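Keep in mind that this is a model prediction, so the values were computed, not measured. Here is the naming used below: chain letters follow the sequence lines, and residue numbers restart at 1 for every chain.
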2 protein chains.
Amino acid sequence: MTAQAATGSATLEQVARLANVSRATVSRVVNGDRRVGEAARAAVEAAVKELGYIPNRAARSLVTRRSDSVAVVIPEPTGQVFGDPFFPRVLRGISDALAEEEMQLVLLMPQGRADEARVERYLAAGHSDGVLLVSLHGSDPLPADLQRRGISVVVGGRPPGAGVSYVDVDNRGGAASAVRHLIEGGRRRVATIAGPQDMPPGADRLAGYHETLSVAGRPVDERLIEVADFTHEGGRAAMQRLIERAPDLDAVFVASDLMGLGALVALQAAERRVPDDVAIVGFDDSPLAESARPAMSSVRQPIEEMGREMTRLLLQSIRRPGEPPRRVILDTNLVVRQSSAPM
Amino acid sequence: MTAQAATGSATLEQVARLANVSRATVSRVVNGDRRVGEAARAAVEAAVKELGYIPNRAARSLVTRRSDSVAVVIPEPTGQVFGDPFFPRVLRGISDALAEEEMQLVLLMPQGRADEARVERYLAAGHSDGVLLVSLHGSDPLPADLQRRGISVVVGGRPPGAGVSYVDVDNRGGAASAVRHLIEGGRRRVATIAGPQDMPPGADRLAGYHETLSVAGRPVDERLIEVADFTHEGGRAAMQRLIERAPDLDAVFVASDLMGLGALVALQAAERRVPDDVAIVGFDDSPLAESARPAMSSVRQPIEEMGREMTRLLLQSIRRPGEPPRRVILDTNLVVRQSSAPM
DNA sequence: GGTCATCGTGAGAGCGCTCTCACAGTCACG
DNA sequence: CGTGACTGTGAGAGCGCTCTCACGATGACC
C-alpha cells in the first residue's frame with residue numbers, strides 16, 4: 001500500500017477485540033488503573049504491542065477535558081535582551097520536566113499587542129492545562145488575568161506584583177557573594193554596573209551590592225554606581241564613566257557578563273590592568289565569561305533548574321487547584337576566575 | 001460561582017440554539033464556508049460574540065484527523081553550539097508564521113537516545129500535522145524515517161542526504177562575498193578559519209572560500225586554512241596557528257563570529273593591528289560582532305526568515321501531500337565594519 | 001410548465017476515548 | 001446459608017465537533 005495513513009495507528013476498539021476484552025478494560029490498562037486482572041492485563045499488553053497502539057490524544061482530551069499540554073509564553077522583549085543563551089536553557093529545563101510527565105510543550109511567542117491578545121484568547125479558552133510565563137521585564141498583566149480565570153500559572157523570574165507562583169534565581173544573594181568575594185580579595189573601592197532598575201534582576205542585583213557593602217561596614221558611594229542596559233556597549237560606556245568619576249576604584253561587580261565584556265574593553269582602553277589594577281566579576285556565567293581575557297569571574301545561575309522547577313510547581317498547581325501561590329528561589333554560585341584574583 | 005470552569009466556554013450546540021440555526025450552519029460560519037446565507041451568518045456571528053464561543057480543538061481534531069499543530073524538533077547538540085541567539089531566532093520566525101495560520105507550535109527537545117525514541121513515537125503517532133527539524137549537525141535519520149511514514153518534514157539547514165525538503169542559508173555565497181570583499185580591499189594573503197567539516201555550514205563556508213579564491217585566480221595555500229570548532233577558544237587557537245605558519249597573512253575570513261572574537265584576541269596577542277595589518281570578517285552577524293573592537297565585519301543571515309520559510313514549505317507539503325521535496329536557499333548579506341577596512 | 005442545476009440549510013452519524021453504572025463472581029462474617 | 005463488601009469486567013452514554021447526505025426553495029433553460 002502507498003499512503004499508510006500517518007494518523008493511522010490502531011484504536012482502542014481494535015486492541016480490545018484482539019485481546020478479547022472490552023474497551024473499558026483496555027483503557028484501564030493503558031491508563032495504569034490497578035484494578036485489572038492479571039490475565040486481562042497481559043492480553044491487553046500483548047495486543048497493544050502487536051498493533052503498535054498509541055492512544056489518540058484528541059479523543060482523550062475531549063472526554064477528560066485536559067489537554068495534557070502546557071503553554072510556555074515568551075513575550076517579545078525577553079528573547080532579545082540576552083546575548084547569552086538564557087532562553088534556550090530555560091526551555092530545555094521545561095522540556096525535560098514535561099517530557100517526564102508525558103506532557104506537551106506548546107510555545108507561544110507573541111510579538112506586539114495583537115499577538116498578545118491572540119495568546120490570551122488561546123489560553124483563556126483552556127487549550128492548555130497551565131501556563132508558564134518567562135518574562136524578565138515585569139509588569140505584565142497576563143499572569144493575574146489568567147489566574148483570575150482559574151488557569152494555573154507559574155512565572156519565571158520575580159514578577160512585580162504578588163499573588164502568583166514564581167521561581168527566581170537568587171539575584172540578590174548572587175550579587176552579594178560576588179561583592180563579598182571582591183572585598184575579601186582585598187579590594188577597597190568596589191564599584192558596580194547595575195542593570196535596568198525596572199527589571200527585577202537589575203534591581204535585585206543592585207540590592208545585593210548595597211546590602212553587602214553595608215554588612216561589611218563600607219560606606220555606599222554613589223559615584224561607584226552606574227546603571228546600564230545589559231548590553232555590551234552599555235557596559236563599556238558605564239565603565240568609562242565610572243573610571244572618569246572614580247579613578248581610584250579597584251573592583252567592579254557587573255550585573256551581566258555581556259556588560260562585563262564591555263567593561264573589560266573600557267578598562268583596557270583606559271589602561272587599567274585586570275585583575276592587577278581592577279578586579280571584575282560578572283553575572284550569568286555565560287560561555288563568554290570563560291573565554292574572555294582575562295577569564296572573567298561570574299555568578300552562575302541554575303537556569304535549566306529554573307525551568308524544571310517552574311514546571312514542577314505548575315504541575316502541582318494543576319493537580320491541586322486552589323492552593324495558595326508559592327515561590328522558589330534558587331541558589332547561585334560564584335565561579336572564580338582570573339579577573340578577580342586577590343590583590 | 002467559584003470555579004467558573006476554565007475549560008468552560010460555550011459549545012457549538014449553544015451557539016446554534018441562540019442563533020436559531022443548526023449546528024452545521026454554525027460550523028460553516030466558524031470555518032469560513034461561504035455557502036451560508038447572509039441572515040444566518042449574521043445571527044451566528046452575533047451569538048458567537050455574545051457567548052464568547054471558542055471552538056474546542058480536541059473535538060475538532062477528533063473528526064478532522066488534523067491536530068492543527070506542528071512539531072519543532074531541536075536535538076540536543078544544536079541548542080548548545082551557538083553562542084549567538086540562532087535558536088531563539090529560528091523559533092521566532094516559525095512561531096510567527098504558524099500564528100498567522102492559527103496553528104500551534106509544539107516544541108520537542110530530545111536529549112539522549114531514550115528521548116529521541118520518545119519523540120519519534122510521538123511524531124509517528126501523527127500527533128502533529130508536520131515536523132520542522134532544526135538540526136545543524138547533519139546525519140540525523142529522523143527526517144527520512146518520518147517521511148517514509150508519510151509525515152511532512154522540513155529541515156532547517158542543509159541535511160546530508162537528499163530527498164527531504166529543506167531551507168538553508170547561502171553559506172557558500174555568504175563566504176564568497178566575504179572573501180571577495182577582502183580581496184577587493186587589497187588583501188593579498190587571505191586566510192580562513194573554517195568550522196567543523198562534518199557540519200554542512202562548516203563545509204559550505206569553506207567551499208565558498210575556495211571557490212572565490214579560484215575565481216579570482218589566486219592559488220589556494222593550505223597553510224592559510226585552519227579548521228576549528230565554532231567556539232571562541234577554538235578560534236583563538238586556530239588564529240595563533242595561522243600566524244605562526246603564515247606570518248605574512250593580511251586577512252582572515254572566520255566562519256563564525258564567536259571564533260572571530262577568539263581570532264581577534266590572538267591577533268592582538270601577536271600584536272597585529274586590525275584592520276591595518278590584518279583584516280577580519282566573521283559570519284552570523286551576531287550582536288558580538290558589532291560590539292567587538294574594532295567592530296567586526298560579518299555575514300548576516302536571515303535566521304527569522306529561515307524559520308518562516310520552513311513553515312511555509314511545511315504547510316504547503318501538509319496541504320498537498322505527495323509533492324516532491326523542495327529546497328530554498330536564502331541570501332545572506334555582508335555587513336562591513338571597521339575590522340575589514342581596505343588597505 | 002417541466003426538468004435540472006444550484007444554493008442554503010438541517011438531521012444525524014460517528015471520530016476514539018473515558019467513565020459511570022450495573023452485574024457476576026468471590027470471600028468474610030454472623 | 002444469607003448478607004454485604006469488594007473485585008474485575010462490560011455495556012453504553014456522551015465529550016464537541018465535522019461532514020455527508022437529503023431536502024426544499026429558487027432560478028435557468030428548453
Side-chain angles (χ1 to χ4, degrees), chain A residues 5-45 47-48 51-69 102 104 122 125-127 129, chain B residues 5-45 47-48 51-69 102 104 122 124-129:
Chain A
T7 324
S9 191
T11 71
L12 245 207
E13 180 74 47
Q14 294 171 36
V15 175
R17 218 143 43 203
L18 183 58
N20 250 312
V21 296
S22 69
R23 288 201 319 281
T25 298
V26 178
S27 177
R28 287 187 188 103
V29 172
V30 168
N31 292 295
D33 190 323
R34 277 168 321 195
R35 315 164 299 189
V36 177
E38 211 32 69
R41 157 163 288 119
V44 169
E45 277 164 358
V48 163
L51 296 176
Y53 171 72
I54 300 177
N56 179 316
R57 292 176 83 94
R60 179 180 284 171
S61 286
L62 186 55
V63 33
T64 58
R65 335 198 112 256
R66 282 179 285 108
S67 66
D68 291 323
S69 76
E102 308 263 313
Q104 244 42 68
Y122 174 82
H127 286 324
D129 297 340
Chain B
T7 324
S9 188
T11 71
L12 245 208
E13 182 74 46
Q14 294 170 38
V15 175
R17 218 141 44 202
L18 182 58
N20 247 311
V21 295
S22 70
R23 287 201 319 280
T25 298
V26 178
S27 177
R28 288 186 188 103
V29 172
V30 169
N31 292 294
D33 191 322
R34 275 167 323 196
R35 316 164 299 191
V36 177
E38 211 30 72
R41 156 163 290 120
V44 169
E45 278 165 357
V48 164
L51 296 176
Y53 170 72
I54 300 177
N56 179 316
R57 292 177 82 94
R60 177 179 286 174
S61 287
L62 186 55
V63 33
T64 59
R65 337 200 109 256
R66 281 179 286 108
S67 65
D68 291 322
S69 76
E102 308 262 316
Q104 243 43 67
Y122 175 81
H127 286 323
S128 288
D129 297 339

A:Thr25 side-chain proximity, nearest of D:dG10, C:dG16, C:dT18 | D:dG10
Check: A:Arg28 side chain, D:dG10 base, donor-acceptor under 3.5 Å = yes
A:Leu12 atom CG is separated from D:dA11 atom C1', nearest whole Å, by 15 Å
Could you state the atom-to-atom distance from CZ of B:Arg57 to P of D:dG16 in whole Å?
-> 17 Å
To the nearest angstrom, how far is B:Asp68 atom CG from D:dC17 atom P?
-> 14 Å
When you check the phosphate oxygens OP1 and OP2 of C:dT18, does a side-chain N or O of A:Asn31 lie under 4.0 Å from one of them?
-> yes
Atom CD of A:Gln14 and atom C1' of C:dC15 are separated, to the nearest Å, by 13 Å
Between CG of A:Asp33 and C1' of C:dC19 the distance, given in whole Å, is 11 Å
Under 4.0 angstrom between B:Ser22 side-chain N/O and C:dT9 OP1 or OP2 = no
Only one of A:Val36, A:Val29, A:Val26 passes side-chain contact (heavy atoms from CB on, under 4.5 Å) with A:Val21, and that residue is A:Val26
Considering heavy-atom distances to DNA chain D, does B:Arg35 or B:Tyr53 have its closest nucleotide positioned more toward the 5' end?
-> B:Tyr53
Just checking B:Ala40: base, sugar-phosphate only, or nothing, at a heavy-atom cut-off of under 4.0 Å?
-> sugar-phosphate
Are the side chain of B:Ser61 and the backbone N or O of B:Arg57 linked by a donor-acceptor pair below 3.5 Å?
-> yes
Picking from C:dT18, D:dA11, C:dG10, the nucleotide nearest the side-chain atoms of B:Ala24 would be C:dG10
Interatomic distance, A:Leu62 CG vs C:dG14 P [rounded to whole Å] = 17 Å
Using whole Å, report how far CZ of A:Arg23 lies from P of D:dA13.
-> 11 Å
Look at A:Arg65 and D:dG16 and indicate whether a side-chain polar atom (N or O) is within less than 4.0 Å of OP1 or OP2.
-> yes
Nearest non-hydrogen partners of B:Arg60 and B:Val30, listed with the distance = NH2-CG1, 3.8 Å
Rounding to a whole Å, what distance do you find between A:Arg17:CZ and D:dT9:C1'?
-> 18 Å
Any A:Arg66 side-chain nitrogen or oxygen under 4.0 Å from OP1 or OP2 of C:dT18 | no
Shortest side-chain distance from A:Ser27, nucleotide among C:dG16, D:dT18, C:dT18 = C:dT18
Between A:Leu12 and A:Tyr53 the two heavy atoms that sit nearest each other are N-CE1, 3.5 Å
Quick note, A:Thr64 side chain, CB onward, closest among D:dC17, C:dT18, D:dT9 is C:dT18
Minimal non-hydrogen separation, A:Ser67 against A:Asp129, with atom names | N-OD1, 2.8 Å
